[in-house]
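Here is how names work: the chains are called A, B, and so on, in the same order as the sequence lines, proteins then strands, and each is numbered from 1.
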Number of protein chains: 2
Amino acid sequence: MAKHRPLSEDALQLVAARFAVLAEPMRLRLIQALFDGERNVTDLVEATGGTQANVSRHLQTLTAAHILARRKEGLQVFYRISDPTIPKLCELVCGSLEKSLTRQIGHLAPG
Amino acid sequence: MAKHRPLSEDALQLVAARFAVLAEPMRLRLIQALFDGERNVTDLVEATGGTQANVSRHLQTLTAAHILARRKEGLQVFYRISDPTIPKLCELVCGSLEKSLTRQIGHLAPG
DNA sequence: CAAGTATATGCGTTTATGCTCATATAACGT
DNA sequence: ACGTTATATGAGCATAAACGCATATACTTG
């Protein structure tokens, strides 16, 4: 498998689409709420403070992107993180932002 | 520094904003074109096939997000990747997508 | 079969963002 | 100073997506 070959136009659109899915605070809240494991929708609605309709939509989006997986059990539907790269991705971005913010604080209060 | 503490609402918005910057094919094309090093705008316009105006705007966006850095030299402006996590981020996403696509191909042509 | 609970979805509105065209700014050469 | 090249930006249009409201579907229980 090559490592740095340039991506095709189609591949770029896929990558962009994936980033777009992660570009919504509510979806990040949902992902974060699922870091500790599976949860049902009502639970996620409470955890995120969103409306049921909105949470349901975002869960759809995340599932369609193969980031979450669904498991139905009776009346309830349980969601979980199904893509193991997601936590790493979030860590990377958080780390990068921390550095960036630290730099900015440095600018505000220079030695 | 804690590793998995839940992010504040502000932090979530920052993370989302960062993902949003990466959620445009043209911007990914620009980033990709800069993997091998610094380039000026005209060069990037040719490499990506976009209009000058549009490329300039996207370069602005990427620079404002501290993903790229600018260096002016005479008439030309050279851009380069300034955030070292960007290549890793792209690798992660690409790897995840490859797996996902491989699975889908498997579904189309099952054993 | 009726009622209740959990989840999903159609629709309309609002907001954000990308794109193009035209023009502005900046730096260089003559 | 003037023209030319490289880059940036203002305005307007078009599209996409998030949200809320209402309602539909799916399953369970009596």
**Message:** Could you walk me through whether A:Asn40 and A:Thr42 satisfy the side chain to side chain donor-acceptor pair (under 3.5 Å) test, starting with their C-alpha distance in whole Å, then the side-chain angles of each, then the deciding distance to 0.1 Å, before giving a yes or no?
**Reply:** CA-CA 6 Å; A:Asn40 67 26; A:Thr42 304; 4.6 Å; no
**Fill in**
Rounded to whole Å, CD of B:Gln76 lies from C1' of D:dT7 at a distance of 10 Å
**Smallest separation among heavy atoms of A:Arg18 and A:Ile67, with atom names** = NH2-CG1, 3.4 Å
**Item:** Nearest-nucleotide pick for A:Lys72, side chain only, options being D:dG10, D:dC21, D:dC27
**Value:** D:dC27
**Request:** Nearest whole angstrom, please: distance from the P of D:dT7 to the CZ of B:Phe78.
**Result:** 8 Å
**Message:** Is there a side-chain contact between A:Arg70 and the phosphate of C:dA8, meaning an N or O under 4.0 Å from OP1 or OP2?
**Reply:** yes
**Item:** Atom-pair distance (CG on A:Asn54; C1' on C:dT7), nearest Å
**Value:** 14 Å
**Complete:** Between CD of B:Gln60 and P of C:dA24 the distance, given in whole Å, is 18 Å
**Message:** Taking only side-chain N and O atoms of B:Arg27, does any of them lie within less than 4.0 angstrom of OP1 or OP2 on C:dG18?
**Reply:** yes
**Request:** Check the distance between D:dA8's P and B:Leu30's CG and give it to me in whole angstrom.
**Result:** 12 Å
**Prompt:** Would you say the side-chain atoms of A:Asp10 and A:Ser8 include a donor-acceptor pair closer than 3.5 Å?
**Reply:** no
**Prompt:** To the nearest Å, how far apart are B:Leu22 CG and C:dG18 P?
**Reply:** 12 Å
**Asked** Does B:His58 place a side-chain N or O at less than 4.0 Å from the phosphate oxygens OP1/OP2 of C:dC19?
**Response** yes
**Asked** NA contact type, A:Gln52, heavy-atom cut-off 4.0 Å: base, sugar-phosphate, or nothing?
**Response** base
**Request:** Kindly point out which of D:dA6, C:dG10, C:dT20 is positioned nearest to the side chain of A:Arg57?
**Result:** C:dG10
**Prompt:** How many angstroms lie between atom NE2 of A:His58 and atom CG of A:Asn54, to the nearest 0.5 angstrom?
**Reply:** 4.0 Å
**Prompt:** So, is B:Thr51 near the phosphate of C:dT20, with a side-chain N or O under 4.0 Å from OP1 or OP2?
**Reply:** yes
**Asked** Any side-chain heavy-atom pair from A:Arg70 and A:Tyr79 closer than 4.5 angstrom?
**Response** yes
**Asked** If you check the B:Leu75 side chain, which of C:dT7, C:dG18, D:dT5 turns out closest?
**Response** D:dT5
**Prompt:** Between A:Tyr79 and C:dA8, is there a side-chain N or O to OP1/OP2 distance below 4.0 Å?
**Reply:** yes
**Request:** May I ask you to verify if any side-chain N or O of B:Thr42 is less than 4.0 angstrom from the OP1 or OP2 atom of D:dA6?
**Result:** no
**Message:** Rounded to whole Å, how long is the line connecting atom CD of A:Glu46 with atom P of C:dA6?
**Reply:** 10 Å
**Prompt:** Starting at the 5' end of DNA chain C, which residue's closest nucleotide do you reach first, B:Met26 or A:Val41?
**Reply:** A:Val41
**Request:** Would you kindly give the CD-to-P distance between A:Glu24 and D:dA16, to the nearest whole Å?
**Result:** 16 Å
